[in-house]
Number of protein chains: 2
Amino acid sequence: MEKDSKRTTIYDLAKLVDASPSAVSSVLNGTWEKRRISKNLAERVTKLAEEQGYSVNVQASLLRRERSNIIGMIVPKYDNRYFGKIAEQFEVMARARGFFPVVTCTQRDPELEFEAAKELISYQAECLISTGATDPDRISAFCAASGVQSINLDLPGKNAPSVISDNYAAARDLTKLILDRCETELGWGGPLRFVGGRLADHNTAARLEGFLSAHKERSISVPASYIMATGYSAEKAANALALFRPDHPAGLFVNSTISLEGVVRWHSELEGGADQVRYGCFDWDPFGSFLPGNVGMVEQDVTTMLIKGFELIGRPATSTGQILVPCKIRVF
Amino acid sequence: MEKDSKRTTIYDLAKLVDASPSAVSSVLNGTWEKRRISKNLAERVTKLAEEQGYSVNVQASLLRRERSNIIGMIVPKYDNRYFGKIAEQFEVMARARGFFPVVTCTQRDPELEFEAAKELISYQAECLISTGATDPDRISAFCAASGVQSINLDLPGKNAPSVISDNYAAARDLTKLILDRCETELGWGGPLRFVGGRLADHNTAARLEGFLSAHKERSISVPASYIMATGYSAEKAANALALFRPDHPAGLFVNSTISLEGVVRWHSELEGGADQVRYGCFDWDPFGSFLPGNVGMVEQDVTTMLIKGFELIGRPATSTGQILVPCKIRVF
DNA sequence: CAAATTTGCTCAATCGATGGTGCACGTGAA
DNA sequence: TTCACGTGCACCATCGATTGAGCAAATTTG
């Protein structure tokens, strides 16, 4: 009894209820009262549409309306709680605002990032949010040329407004926390080591600044060799630490949960001296508080960041500034 | 110099290069050689398109072509590595096959699940993969009525083919592993407790079967009160265990990483006796191996599951069977 | 040099939904 | 009986890209 070949269209329904396609259309999109369609016909159409499993061809509808309601988001990875939460919350908030959210994961690959952005724009996305993009400016530039609004999240860019965590302040506070705990628990005063990330990245740079400023505040000087920002993967963090077998108190500032995986692996393989190590991590994970030696983590305030981001939508693109959102620090 | 109002269309480009829209279209979609457009014109059009920041209106293009290339996926949460990896890999594999992947996260909410499915179908998705859906049959039924293929992943359904992990076998093996380790490390022979999940869920049921069968194989009887499948959240697991303060060896089979969070919280709050507890978890997390007491985790084989899933695409919907994919067991 | 091909494009219909315009019919008032 | 409205709908152009059909000009063939 169902169509076996094609999807049902308003023309099919029109024939079946013996009315015009435009009448059917207006019933189905809710404008029937405005268009003075009788309640009788409206009910017949609605009923039939349900029976036939009809659903609008959004392609056609949007083509005509010249609005897509699509809001795109680019995310690098789903391999930590931060980006997972961003994607989840983004979807909820977008839907609550009547958008159709499309999130796509680009593997930290600049080319793929750009391709995905172009694809989203082809789908007439009305706004594109680049999260943690490696090359946000290229994306913003393309968006601008296509007349699409773009917003940077997590990582700032020059061509579009950016909502980012206050990495500096949170890193400074986390550094102080770790130093304090080294002092009270180990009777040792630093300096800490900085593990993970890339100095060329804005976020790593800002965090390093906070890290150094906390040391400076206490007049602790940090040897250059203590800055081990050798990349993001767990392996790179583990490798950077491989030769470090402390026989005295030590402390680490870990720059992401991914790096933390490497640090914890290293830590678990220390024979003695493992209990002489304290560390903290910039980023949160639910298992973090159970890791021996971990004194605290920074949780970025995803909800606030997204709220600020959504506030920018529809605004004139004049504001190219950065919006800083404070982080929460979780002490274990 | 750019259009300030609208997106550039092929008609704009046509005027600018003084050619017909159809010539422009064929240049831009790659059919120009077939349509005997000169290389000269093709190059001029391509250049201009780039200058103008042109990108196809996919809405219009797909409307005409009557193919969307969209492949949809519904995922419950991004709050564990399993679903995160599924989403990521799905996107990579879909793109490699020329699809445009749209993943949407439905918060384990049956209504939202269904709404999202309908929305994806409105966007003319050619195939819909329901991952861990709470009500996959309702979705499959709707897809069938709309003539859209649907596939179940992770959780089986009756109206569409399903690719799922071999929960039974992996649970049996994990149970044996935990029992073995209780024996060798604690000199204690079970029975274990089963924590987390919901018995009404297919996966939990299959895992419980495996759990019980491993016990039976060793002639260990499991008291009914040891089955604590009270839900998925960390809180529920922690609550279920709250009154359990073992002063003797104990072992737990934990049904998901979410439940594991609760278990680890409980475990970390045990004063004495914490080292008399061993557990294993059905699901993998990179920090799992560092949790004291954790003897192993089951990692579901996401890659194989997705490969099997993609193999089903385009097939006649006759095959409504279940495809079982073995899991990997990680021993700590 | 005329006929036959080939080259290089243009025309116009079409996909499905939408919404401005307009028409026929019914009702009530003058 | 006539006119003014109101009701209930149909008609048709339109969004942008695509594609089969077709045509004029250039080139080759006999």
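We name chains A, B, ... by the order of the sequence lines, and we start the count at 1 in each one.
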Item to check | Donor-acceptor pair present, A/Ser22 side chain and D/dC9 base, under 3.5 Å | outcome: no
Checklist entry - Are any of B/Ser25's side-chain N or O atoms less than 4.0 Å away from OP1 or OP2 of D/dT18? => result yes
Checklist entry - Between A/Tyr78 and B/Phe83, is the gap from one ring center to the other below 6.0 Å? => result no
Item to check | Presence of B/Ser20 side-chain N/O under 4.0 Å of C/dC11 phosphate oxygens OP1/OP2 | outcome: no
Next on the checklist: What is the separation between atom CG on B/Asn40 and atom P on C/dG8, rounded to the nearest whole Å?
Outcome noted: 10 Å
Checklist entry - In whole angstroms, how far is the P atom of C/dT10 from the CH2 atom of B/Trp32? => result 15 Å
Item to check | Close side-chain approach of B/Gln52 and B/Asp12, heavy atoms under 4.5 Å | outcome: no
Checklist entry - Rounded to whole angstrom units, what separation is found between the CG atom of A/Leu63 and the P atom of D/dT18? => result 12 Å
Checklist entry - With respect to the side chain of B/Ala23, which nucleotide from C/dT10, D/dA17, D/dC9 is positioned closest? => result C/dT10
Item to check | Earlier contact from the 5' end, DNA chain C, for B/Arg65 and B/Val24 | outcome: B/Val24
Next on the checklist: Looking at A/Ser61, I'd like to know whether one of its side-chain N or O atoms comes within less than 4.0 Å of OP1 or OP2 on C/dG16.
Outcome noted: no
Item to check | Basic-acidic side-chain contact under 4.0 Å: A/Glu111, A/Arg138 | outcome: yes
Next on the checklist: Expressed as a whole number of angstroms, how long is the span from A/Tyr11:OH to D/dC11:P?
Outcome noted: 12 Å
Next on the checklist: If I take atom CD1 in residue B/Ile10 and atom C1' in nucleotide C/dT10, what distance separates them, rounded to the nearest angstrom?
Outcome noted: 13 Å
Checklist entry - Is B/Phe90 close to B/Ile71 at the side-chain level, that is, under 4.5 Å between some pair of heavy atoms? => result yes
Next on the checklist: Quick check on DNA chain D: between B/Thr31 and B/Gln59, whose nearest nucleotide comes earlier from the 5' end?
Outcome noted: B/Gln59
Checklist outcome for this item: Judged by nearest nucleotide, the residue sitting upstream toward the 5' end of DNA chain C, B/Arg64 or B/Ser38, is B/Ser38
Next on the checklist: If the cut-off is 4.0 Å, is B/Tyr54 near the phosphate of D/dG16, judged by side-chain N/O to OP1 or OP2?
Outcome noted: no
Checklist entry - If you pin B/Asn57 and B/Arg36 to their nearest nucleotides in DNA chain D, which one's is more 5'? => result B/Asn57
Checklist outcome for this item: To the nearest angstrom, the CG-P distance between B/Leu62 and D/dT19 comes to 11 Å
Checklist entry - Hey, does the side chain of B/Asn29 come within less than 4.0 Å of D/dT18's phosphate (OP1/OP2), counting only N and O? => result yes
Next on the checklist: Regarding A/Leu28, tell me which of base, sugar-phosphate or nothing describes its non-hydrogen contacts under 4.0 Å with the strands shown.
Outcome noted: nothing
Item to check | d(CZ, A/Arg35; P, C/dG20) in whole Å | outcome: 7 Å
Next on the checklist: For a ring pair (Phe, Tyr, Trp, His ring centres under 6.0 Å) check, start with the C-alpha distance between A/Tyr123 and B/Tyr123, then their side-chain angles and the critical distance, and finish with the verdict.
Outcome noted: CA-CA 10 Å; A/Tyr123 278 87; B/Tyr123 278 87; 8.3 Å; no
Checklist entry - Nearest-Å distance, CD (A/Glu43) to P (D/dC9)? => result 12 Å
